[in-house]
Amino acid sequence: MTLLDRNAAVRPAPNSAKRQTGAAAGRRSLRMIRWKEASLAYAFLLPSLLLFGIFLFYPLLKSVYLSLHLTDPRGRIAAFAGLDNFTELLASDKFYESLKVTLSFTVLTVPVGIALALLLAALSQGKLRGMKAFQFVFSLPVAISVGTGSVIWMMLYHPTLGTLNYFLTLLGVEPVRWLTDPAWALVSVSITTIWMNLGFNYIVLLSGLQSVPEEIYDSAKIDGSGPLRTFFQLTVPLVSPTLFFVGIVSVIQAFQSFGQIHILTKGGPMNSTDVIVFNIYQDAFVNFRFGIGSAQALILFAIVLILTVLQYRFLERKVHYQ
C-alpha cells in the first residue's frame, strides 16, 4: 500500500465528518433547550420561593435561633441557653396540660367535623331541584373569617342573651355557662371550630363524591344493594383518598387553632382551653419569653410532623385509589 493510500484510509470520509458535526450540534442544541426550560421553570418558581423563604424558612430558622437563647423583658437576646429552654418545657406540668388539652380538642373536632361534612355532602350531592341552595349554605362557613365566626358564636353562647340558652329555657333546661364553665368551655370551642371548618371539609368531600361514576351506583342498584350498604361499602372506599386528605388537613388545623380560642375563652376558664398555640402566644407575646415560645413552636412542629407521618404510615394503606 502506498503512502497516498494510507492517508486516504486514515482520513475520515466526508459524510462521516458531517454526521459527527451534526451530532455535536444536536447535543449542544439539546443542552441549550434544556437550559432554557430549566431557567424558565426557576423563573416561575422564584416568586413562590421568595414567599416561602420570607414567611416560612426564615421564621423557622429564627425560631431555632431563639429557642437556643434567653431574652430580656423587651424580647432582645440576652444570653445563650443551649437546650435549657427545651429542658424547662419538658419538665413543666403546664406544657403537658396544654398538650393534653390540644389532644382532647383534636379528638373532639376532627372525627365529628369530617363525619358531619361527609353526611351533608352525601345528602346534598344529588341533582334534585334545590340542592344547589343547600350546597351553598353548607359551604358558606369557608367564606367567614375566624374573627367574625368567633364573634357570632360568642353571641350565641351569651349566658343571658344567647340564642342557645333561650331555646334551652323554652325546653325547661337550666341555662348552660358555655364559655365560663370548665366542663363546657372546651366543648363550646370545639363546636365553633367544627362549624368553622365545615365549609372546607364539605366542599372537598362533595367534590370527591361527585367524582364517583354514576355507573357504579347503577350497578349496585341492579345487584339489590340498599342506600346504607352502598354508602358504607361502596361510596366510602371510593372517596377514601379524599377522606385521607381531609383527615390530615383537619389534624394540622386542630393543632394550629388559635383565633377562636383567643376570642372566646383566652385559654380559660382554669386553663381548660389552653392549647399549645395559645400557650406559645402567652409566653412569646405576653410574657416576652421568646426562647420558651420558640422552643414550644418547634416541639409543636415535631408533634404535627410525627402525627402526619404516622397517618401516612398506618392509614394510607387503607386508602382505595381508583
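It should be emphasised that the depicted structure is a prediction, and the values quoted were computed from it without experimental measurement. Because only heavy atoms are used, hydrogens play no part in the values below, and waters and symmetry mates are left out as well, while side chains stay in.
- Contact of the F290 side chain with the F285 side chain is registered, since non-hydrogen atoms from C-beta on lie closer than 4.5 Å.
- Between H158 and T160, the side chains place a donor N or O and an acceptor N or O closer than 3.5 Å (distance only, hydrogens not considered).
- Between the side chain of S250 and the backbone N or O of G247, no donor-acceptor pair lies under 3.5 Å.
- Side-chain polar atoms of Y65 and S294 form no donor-acceptor pair below 3.5 angstrom.
- In summary, the side chains of T148 and S145 do present a donor paired with an acceptor at a separation below 3.5 Å, with no hydrogens or angles considered.
- Side-chain N/O atoms of Y217 and S225 include no donor and acceptor closer than 3.5 Å.
- Salt-bridge annotation for E88 and R289: present, with a side-chain N of the basic residue lying under 4.0 Å from a carboxylate O of the acidic one.
- The one candidate from F95, F301, Y281 that meets the side chain to side chain contact (heavy atoms under 4.5 Å, CB included) condition with Q296 is F95.
- Side-chain contact between I248 and Y312: present, with at least one pair of heavy atoms (C-beta onward) separated by less than 4.5 Å.
- In this structure, CE on M154 lies 5.0 Å from CG on L264, to the nearest 0.5 angstrom.
- K132 has its side chain out of reach of S124: every pair of non-hydrogen atoms, C-beta onward, lies at least 4.5 Å apart.
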Quiz prompt | Test log, rule side-chain contact (heavy atoms from CB on, under 4.5 Å), inputs L168 and E174 | solution = CA-CA 7 Å; L168 290 178; E174 289 292 327; over 6 Å; no

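- Between L120 and L198 the shortest side-chain heavy-atom distance falls below 4.5 Å.
- Side-chain N or O atoms of N85 include none that pairs as donor or acceptor with a backbone N or O of A295 at under 3.5 Å.
- Around atom CZ of F52, no more than 12 heavy atoms belonging to other residues, nucleotides or ligands sit under 6.0 Å away.
- A 4.5 Å side-chain heavy-atom check between I191 and V187 finds at least one atom pair inside the cut-off.
- When side chains are defined from C-beta on, F255 does not count as touching F105, because their heavy atoms never get closer than 4.5 Å.
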